[in-house]
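First comes the structure, then the notes that go with it.
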Amino acid sequence: MGCGSSQQIKKDPEVASPIKGDPHDNVKPDPEEYSMSSEDDDCYDRRKSKSVTRLEQLGYKDEDEPEMFFWGDFVVDVNQATKKAPTAKRNPRQPPKQKRSSMTDCLDGVFVFGDFTVSMENDDADRQNPALNVVQKKELSQYHIKAYDIYSLVGHSARVKCICVSPNESFFISCSNEEASMTMCQIESGKEIMSFMGHDDTIISACFSNDAKYLATTSRDNTMILWDVTTGKNTLTFEHEKVVICCCFSRDSKLLVSGCQDKVCRVWETKKGREMNCYMDHDGIIISISFAPDGNSAVSASADKTLRIWKAADASPIHTLKGHTGIVLSCAYRSDGKYIVSNDERILRVWDASNGSCTLSLSVDEVPRPNTLPGKKQTWTLSSYCPGPLGFYIIAACNSKTIHVFHPETGEEILAYYCKAPVYCLSCGSHSKVAIGDSVGNVFIVTLYAA
């Protein structure tokens, strides 16, 4: 689409105090509270995209029966959603001194993960991250977790909806489920660098380009915005017909794919904002999307309980991955592109990307549940692969305030973290960092050390 107007970023001098709250008040919402509207009454005069024109030619109409949407804490009903003003931006304090813990130590603190994960690489990251002492020269399966560090930063005044680590792991961005702007902070000190303001409604997801030059954000305002990370300016605005739920860059940063409430995945050119093609085989809204490391294909997760692998060049289908019994909440490629991990509320699955076969199925009932409240159902909230050399292992979060690291072939639990609040927001870097946001607004940074 066309270019969006450039905007000067303004910083808010107000200081947001640290969050205190009872995590028992922040339980996962009832799925029945979230429903999909049939058709948007669009109040803006928008240009029609290729996919919209094609939908009209096919006589596409929304079904009369509204869809149920179980994921996270946001409602994607455009007609009924209430606009909320952005909350005051935070002023992070210095994190406490880091303490390296062994895998056998118990974690006395909060650990958290997220809706949306990215796995990207940067050749300059080793120089920018001197703490990283592992160079990936072996096969992923030959590494194991030696130790980890964890420290907290001042978070948000409400649940952390979106968090994303930059490819060089020098900074991260985050926002709460009440904010229409993203805040970028230094990952070591927590010092605020800048804010990205331009959306008219709350932000749902975000993703950095592999070269860390651009940031993409999606919002309830039916747009996806491409930002210049250096200046904080809006460089392109991609208009959609409905709420844009997820996005992901190709590794060469030339393409950007978006997943929308209208059940369509769109591939965009990042240089001019042109829509290249669209994938429309899903029968439900698009919840999560991930580009293959080679950039030739993408995998999309949907409310229709399936994942679909398709070619980025012409949107032709490759494989349909069936087996989930509920809405697929997340999906992610492994860094070598050979496998895909996904989860619904009950089952976590690992898929062979070459043939679409399921190689591991792990029920949430098979994992320990020490922090589950009596009578509360335990569910998976998200899954991804660990960062960098440890990308062989699966990392997954439960609503029981627990984070697990699993062996992808046996399902054996390698590591577990016990949290003070449920985790719905996580982002893995490309070397060793994991950024986490929990349901009461806390932000945590974890460093995993490989051997």
*asked:* Minimum heavy-atom separation for T230 and M194, please, with both atom names.
replied: O-CE, 3.4 Å
*Under 3.5 Å: donor-acceptor pair, side chain of S432, backbone of L448*: no
*Taking side chain as C-beta onward, heavy atoms only, is V341 less than 4.5 Å from R349?*
no
_Using modelled atom types and a 3.5 Å cut-off, is there a donor and acceptor pairing between side-chain atoms of S195 and backbone atoms of M197?_
no
*Please report the C-alpha distance between I445 and V434 in whole Å, then the side-chain angles of each, then the deciding distance to 0.1 Å, and finally whether the side chain to side chain contact (heavy atoms under 4.5 Å, CB included) criterion is met.*
CA-CA 6 Å; I445 305 298; V434 181; over 6 Å; no
*Side chains of Y151 and E188: does their closest heavy-atom pair fall under 4.5 Å?*
yes
_Considering all heavy atoms, the nearest C207-F249 contact_ = O-CE1, 3.3 Å
*Take L415 and Y417 through the side chain to side chain contact (heavy atoms under 4.5 Å, CB included) test and state the conclusion after the steps.*
CA-CA 7 Å; L415 189 61; Y417 305 91; 2.7 Å; yes
*Judged by modelled atom types alone, do D149 and T447 share a side-chain donor-acceptor pair under 3.5 Å?*
no
*What's the spacing between N177 CG and S157 OG if we round to 0.5 Å?*
9.0 Å
_Polar side-chain atom of Y393 near backbone of Y143 as donor-acceptor pair, under 3.5 Å_ = yes
*Donor-acceptor contact present, side-chain E169 to main-chain K433, <3.5 Å*: yes
*Do any N or O atoms from the side chain of H404 and from the backbone of A397 form a donor-acceptor pair under 3.5 angstrom?*
no
*Do we see a donor-acceptor contact under 3.5 Å between the side chains of D221 and H199?*
yes
*Compare all side-chain heavy atoms of I395 with those of S383 and state whether any distance is below 4.5 angstrom.*
no
*Working for side chain to side chain contact (heavy atoms under 4.5 Å, CB included), residues L329 and W380*: CA-CA 9 Å; L329 303 177; W380 295 117; 5.8 Å; no
*When rounded to the nearest 0.5 angstrom, what distance separates OH in Y449 from CD1 in I145?*
13.0 Å
*Distance-only, no hydrogens or angles: does the D201 side chain make a donor-acceptor pair with backbone N or O of I203 under 3.5 Å?*
no
*Identify the two heavy atoms, one from C331 and one from S288, that lie closest to each other, and give their separation to 0.1 Å.*
N-OG, 3.3 Å
*Heavy-atom side-chain proximity of Y385 to S335 below 4.5 angstrom*: no
*Classify the angle between the aromatic ring planes of Y279 and H282 as parallel (below 30°), tilted (30 to 60°) or perpendicular (above 60°).*
perpendicular
*Measuring from R274:CZ to E269:CD, what's the distance to the nearest 0.5 Å?*
5.0 Å
*Would you check if K311 and S297 make a side-chain contact, meaning some heavy-atom pair closer than 4.5 Å?*
no
*Does I285 offer a backbone N or O that forms a donor-acceptor pair with the side chain of S302 under 3.5 Å?*
yes
*Nearest heavy-atom pair of L256 and M224: which atoms, and what distance?*
CD2-CE, 3.5 Å
*asked:* Do S174 and H156 make a side-chain contact, defined as non-hydrogen atoms from C-beta onward lying under 4.5 Å apart?
replied: yes
*asked:* As a quick check of understanding, evaluate side chain to side chain contact (heavy atoms under 4.5 Å, CB included) for S176 and V160, giving each step before the final call.
replied: CA-CA 4 Å; S176 76; V160 183; 6.0 Å; no
*Could you tell me whether a side-chain N or O of N399 sits under 3.5 Å from a main-chain N or O of T379, the two making a donor and an acceptor?*
yes
*Whether over 12 other heavy atoms sit under 6.0 Å from F171 CZ*: yes
*Return the minimal non-hydrogen interatomic distance between G155 and V443, and the atom names on each side.*
CA-CG2, 3.9 Å
*State whether the side chain of T217 and the backbone N or O of L226 hold a donor-acceptor pair below 3.5 Å, judged by distance alone.*
no
*What's the spacing between K338 NZ and F392 CZ if we round to 0.5 Å?*
10.5 Å
*Quick one: are the ring centres of F208 and F172 less than 6.0 Å apart?*
no
*asked:* Within the structure provided, determine whether V244 and F238 are in side-chain contact (heavy-atom separation under 4.5 Å).
replied: no
*State the CE-CD1 distance between M182 and I163, to the nearest 0.5 angstrom.*
8.5 Å
*asked:* Checking side-chain polar atoms at under 3.5 Å, does T202 have a donor or acceptor matched by the opposite partner on R220?
replied: yes
*Any luck finding a side-chain donor-acceptor pair between S342 and W351 under 3.5 Å?*
yes
*Could you tell me whether the side chain of N343 and the main chain of I347 form a donor-acceptor pair under 3.5 Å?*
no
*Could you state the interatomic distance from CG (D314) to SG (C278), rounded to the nearest 0.5 Å?*
11.5 Å
*Given I287, I289, T320, V299, the one that forms side-chain contact (heavy atoms from CB on, under 4.5 Å) with L307*: V299
_For C247 versus S205, what's the shortest heavy-atom pair and its separation?_
N-OG, 3.8 Å
*Examine the side chains of D228 and T235 and answer whether a donor and an acceptor come within less than 3.5 Å of each other.*
no
*Kindly indicate whether the side chain of D294, heavy atoms from C-beta on, has any atom under 4.5 Å from the side chain of F291.*
no
